[in-house]
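For reference, the structure discussed in these notes is given below.
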Amino acid sequence: MSFGKGCHLHLIDGSAYIFRAYHALPPLTRKSDGLPIGAVAGFCNMLWSQLANNKGKDGPTHIACVFDYSSKTFRDDIYDKYKANRPELPEDLRPQFPLTREATKAFSVACLEMENYEADDIIATLARQAREAGGDVTIISSDKDLMQLVGGGVEMFDAMKNKRIGIDEVEEKFGVKPDRVIDVQALAGDSVDNVPGAPGIGVKTAALLINEFGDLETLLERAEEIKQPKRRQALIDNAELIRVSKRLVTLDDHTPVEWSLDELEVKEPEAESLMEFLARMEFRTLTKRVADALKVEPPVTPDAPAVPVSHEKDEAPVEVDVPPFDHGKYECIRAAEALGRWIDLIRERGYVAVDTETTSLDEMLAELVGISLSVIPGEACYIPLGHRRGDGDLFGASEPAEGQMALDEALALLKPVLEDDAILKIGQNMKYDWKIFARHGVRIAPIDDTMLMSYAMYSGLHNHGMDGLSDRYLGHRPIEIKSLLGTGKSQITFDRVPIDEAVKYAAEDADITLRLWQAFKPNLHRAQVTTVYETLERPMVEVLAGMEMTGILVDAQTLSRMSNAFAQKMAGLEAEIQELAGAPFNVGSPKQLGEILFEKMGIQGGQKGKTGAYATGADVLEDLAAEGHDLPARVLDWRLLSKLKSTYTDALQNHVHPETGRVHTSYSIAGAATGRLASTDPNLQNIPVRSEEGRRIREAFVAGPGMRLVSLDYSQIELRILAHVADIPELKEAFREGIDIHALTASEMFNVPVEGMDPMVRRQAKAINFGVIYGISGFGLARNLRIPRAEAQGFIDRYFERFPGIKDYMDTTVAFAKENGFVRTLFGRKIHTPEINAKGPHAGFARRAAINAPIQGAAADVIRRAMIRMPAATRGLPAKMLLQVHDELLFEVEEGAVDKLIATAREVMEGAAHPAVHLNVPLVVDAGQGANWAEAH
DNA sequence: TGCGTCACG
DNA sequence: GACGTACGTGACGCAC
């Protein structure tokens, strides 16, 4: 077919694909020889998705994938510093380049590259030719340098965000139509590509100027007319540099391409050569997926998938030989005899992967439906115990399904195994199963947990859910639970799943867990996180399971009364607000509120966010209230009450367990990258305390009859850890002497005595101390203290001058992260920082996170150690640990034992770092007690 | 489902 | 007057 009207050309920005793939994936190597292939794998997946998603009549008629040939191009002759800021190519990426070309050809996509030209120029040229021939063009890329090409039948498509980029989107980004984009880029320059532009002019200002003067040449000729002196001078002084910049950013759409559009016609991939390539790369999952789509048999491949390697330098990947997944091999156990054979097998092996199926994600409400076991990869069984026939009546009641062992009988047989010290029970998220078994009188131990192994090795790189781990590390996508239960209103519970289907799903989970364990176990050591896993992760399972099952007593009546009071107050405020607005509207809608404030009432200074809605955050409303506007002040009051009511007084009532009368949160051990816990369903780590009204909610968290609540919290733990790791003599001294640390900081910085310090000065020093922990920036501190940015920067400079060790610590930490891709806490916990070497705004986030992680993480490690020791230390005391709130532990204890508990728990907490780490600052714990949490805190 | 908002350390 | 920033979480209501 000759290219012309009705044709549609897809141009893929291949080089961008490679870099995205490289950075998005952990470093993978080919199993047989260790060749790095992560980027190739990602590239192939993206290319295949692109092809597969664009089949049919709306798809392309012609397609090509375009690459950069080498770093040298004609632009280097225009400006010798062009792209001089580019970081060195990572060592393990370069060898993957030729393979991506090979991959492109294997998928039967034209592979284009030209010496001396960037991919962007080739794309520009082909796009122009296609447009002139009357066809349409889609450029698969989100690169802003290509946006100048949009319009007249050419658009872009951001494959990551699945979003087309047309004229409107370009205008949104650059503030001008696509044909003026190069003018804006020439003025604004680009630090990544080292395009100079005009100093002090960014995209916003550039767009303003271009829109005012029409185009760049006119602007430069009439630069004298610009009102702002700085801008005027910048343009006059740099006119030549700006013209050079324009030549740099202008794509050459007349490159001497040697291909005709007709040659780019879409072709079906040749199955045989494509299969050969994918098999040679050892991409198991993709090979299978492509084979299915092409309806051919996948070639026989080595079974093990690419093996992940951590960033640690001295480790080698561990290879595991495993059979393919086969759901047909899973056994359904319906009688004691068959179960007995499995138990024999487990005893022979000494370990078993276990998984439970239940009716709910809430372990306190869930009913046990079945148990699956696996001891050999590829072989697993499922024991259905609580399945029901699908034909229940309207109320959901129905008879048990046939062919199941009695629950008690099965548990009686399994209990000795599950409790046997000599048999390791392996699970994924074992805290869940631990609680389910505990509710049936089985104390499962000892355990290993693949989720926690992944967390110890890969925290910060990805999540640790089983499906994701299986896909990533076993190259296998498990059966989705959705396919059994459905979603939304018609969703069923697991006990309604037909046993035949349940076997495949449930046994597969045990199979996967066992395989993950085999893959992870030896790598813990290589990643040097064995101690972290053994001392900070695994022991948490039992401790937290106990706390969660105990729960905390909540007085629902108090909450209900508060809800009613809030509702009344809110109704009054709502009436006042609508009166002030002069129209009824939904006070809870930020969108409607913004329109009332900044349009109907005509208040000036409304800022629109990226979604086009006005910002109405508390800071904005506070400013307006300070200017004397009543309505925003009322809205702030209303919002406080609305938050308290919906999130706390209303929602908490629904979390009171029908049998225990207590609230049972669930802690995720592997949720936060830094090692902190996270509390969900409900979140009991964010119960209000800062506002007076909010704090009253804590009055509803009460001790049982004859009991008291005791709260112990670490004082300034993060600053103490900072003083230790950054080794700051003045701070360490102050902590040893028990001096007010914020006052000390202020004193050192501003040369004022600690005695009789102005509270405002102390407040500023406190903000700086917090800022340091967060990876301080002038902007952030300025916003927090509501002072000019220059002043904030002045504070920071003085702080670093006074405490140079802090600056050193920050620089060293960031350098370590850049070198290794992770940081470590004092206790060895690894937190990966994959974005640390990124360019653009990501880099700032990653930098600050890297500075914060070792401090926040070490504090998290300390309290974990305390929690793990607590059961043994408090054995015999009539006390239970109920909650953890990052630096606080809450206990419920019999009245007579309060003092003893405080003494014991304080000793454990203050000494929690020992003996692993000898802190050279003391840890101090404050304690309180009362009938409810408000009093105890 | 994504976003804005706001509760906590 | 370049860009966009304090770190880490979870839950709610709105609007699509």
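Since the structure is predicted, the reported quantities are computational estimates derived from the model, not experimental observations. Chain identifiers are assigned alphabetically (A, B, ...) following the order of the sequence lines, protein sequences preceding nucleic acid strands; residue numbering begins at 1 within each chain.
- The distance from atom CD1 of A/Ile201 to atom C1' of C/dG1 is 10 Å, rounded to the nearest whole Å.
- Comparing C/dG8, C/dG4, C/dA15 by their nearest atom to the side chain of A/Ser589 picks out C/dA15.
- Within the nucleic acid shown, A/Ala613 has no heavy atom closer than 4.0 Å to any nucleic acid atom.
- With P as the reference atom, B/dG4 and C/dA6 are 13 Å apart, rounded to whole Å.
- When the nucleotides C/dC7, B/dC8, C/dA15 are ranked by their closest atom to the side chain of A/Gln592, C/dA15 comes out on top.
- Within 4.0 Å of A/Ile855, counting heavy atoms only, lies no atom of the nucleic acid at all.
- Proximity of the aromatic rings of A/Tyr799 and A/Phe803 is defined here by a centroid distance below 6.0 angstrom, and this criterion is met.
- Taking atom CG of residue A/Leu636 and atom C1' of nucleotide B/dA7, one finds them 15 Å apart after rounding to whole Å.
- When distances are taken from the side chain of A/Ala672 to each of B/dT5, C/dG8, C/dC7, the shortest belongs to C/dG8.
- Picking from B/dC8, B/dT5, C/dA6 the nucleotide with the shortest atom distance to the side chain of A/Pro590 gives B/dT5.
- Relative ring orientation between A/Phe598 and A/Tyr614 is described as tilted, the plane-to-plane angle lying within the 30° to 60° band.
- Atom CZ of A/Phe779 and atom C1' of C/dT5 are 7 Å apart (whole Å).
- Taking for each of A/Leu781 and A/Asn683 the nucleotide of DNA chain C with the nearest heavy atom, the 5'-most of the two is the partner of A/Leu781.
- For the pair A/Met810 CE and C/dA6 P, the interatomic distance rounds to 15 Å; values are reported in whole Å.
- Comparing the P positions of C/dT5 and B/dT5 gives a spacing of 14 Å, expressed to the nearest Å.
- Counting non-hydrogen atoms under 4.0 angstrom, A/Ser679 reaches the backbone sugars and phosphates but no base.
- Among the nucleotides C/dC7, C/dC16, B/dC8, the one closest to the side chain of A/Arg698 is B/dC8.
- In this structure, the side chains of A/Phe800 and A/Ile776 come closer than 4.5 Å at one or more pairs of heavy atoms.
- In a base pair of the Watson-Crick type (N1 to N3 plus N6-O4 or O6-N4) or a G-U wobble (N1-O2 and O6-N3), with each distance short of 3.5 Å, B/dC3 is matched with C/dG13.
- Of the N and O atoms on the side chains of A/Gln716 and A/Asp887, not one donor lies less than 3.5 Å from an acceptor on the other residue.
- Heavy atoms of A/Ala673 sit under 4.0 angstrom from primed sugar atoms or phosphate atoms, though from no base atom.
- Checking A/Thr665 against A/Ser679 by side-chain atom types alone, a donor-acceptor pair falls below 3.5 Å.
- Positionally, the nearest nucleotide of DNA chain C for A/Ala782 lies more toward the 5' end than for the other of A/Lys643 and A/Ala782.
- Taking only side-chain nitrogens and oxygens, A/Thr616 comes nearer than 4.0 Å to OP1 or OP2 of B/dT5.
- Distances shown here put every side-chain N or O of A/Arg847 at or beyond 4.0 Å from the OP1 or OP2 atom of C/dT5.
- Residue-to-nucleotide contacts include a donor-acceptor pair under 3.5 Å from the side chain of A/Arg676 to the base of B/dG9.
- The interatomic distance linking A/Asn686 (CG) with B/dG9 (P) rounds to 9 Å, in whole Å.
- Distance A/Trp638 CH2 to B/dT5 C1': 11 Å, rounded to the nearest Å.
- Within the nucleic acid shown, A/Ser777 comes within 4.0 Å of at least one base atom, counting heavy atoms only.
- A/Gly775 comes within 4.0 angstrom of nothing in the nucleic acid, heavy atoms only.
- Distance A/Leu235 CG to C/dA2 P: 14 Å, rounded to the nearest Å.
- Under 4.0 angstrom from either OP1 or OP2 of B/dC8 there lies at least one side-chain N or O belonging to A/Arg690.
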Please step through salt bridge (Lys or Arg N to Asp or Glu O under 4.0 Å) for the pair A/Glu718 and A/Arg676, ending with a clear verdict.
-> CA-CA 13 Å; A/Glu718 293 191 350; A/Arg676 273 197 179 178; 3.6 Å; yes

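- B/dC8 and C/dG4: their C1' atoms are spaced 25 Å apart (whole Å).
- Within the nucleic acid shown, A/Arg789 comes within 4.0 Å of at least one base atom, counting heavy atoms only.
- Across C/dG8, C/dC12, C/dA6, the shortest atom-to-atom separation from the side chain of A/Thr674 is found for C/dG8.
- Nucleic acid contact for A/Gly844: none, since no nucleic acid atom lies under 4.0 Å from a heavy atom of the residue.
- Phosphate proximity of C/dC14 to A/Asn586: present, with a side-chain N or O under 4.0 Å from OP1 or OP2.
- Using modelled atom types, one finds a donor on one side chain and an acceptor on the other under 3.5 Å when comparing A/Thr616 with A/Arg639.
- At the heavy-atom level, A/Ala843 lies nowhere under 4.0 Å from the strands shown.
- The partner of B/dG9, taking Watson-Crick or G-U wobble pairs whose two distances both stay under 3.5 Å, is C/dC7.
- Comparing C/dC7, C/dG10, C/dC12 by their nearest atom to the side chain of A/Tyr774 picks out C/dC7.
- Distance A/Phe585 CZ to C/dA15 C1': 16 Å, rounded to the nearest Å.
- The glycosidic torsion of C/dC3 lies within 90° of 0, which places this base in the syn conformation.
- At the heavy-atom level, A/Ile687 lies under 4.0 Å from the strands shown only through sugar-phosphate atoms.
- Counting non-hydrogen atoms under 4.0 angstrom, A/Ala206 reaches nothing in the nucleic acid.
- A/Tyr458 is not listed as a side-chain neighbour of A/Asn463, based on a closest heavy-atom distance of 4.5 Å or more.
- Taking the side chain of A/Phe845 as heavy atoms from C-beta on, and the options C/dC7, B/dA7, B/dG9, the nearest nucleotide is C/dC7.
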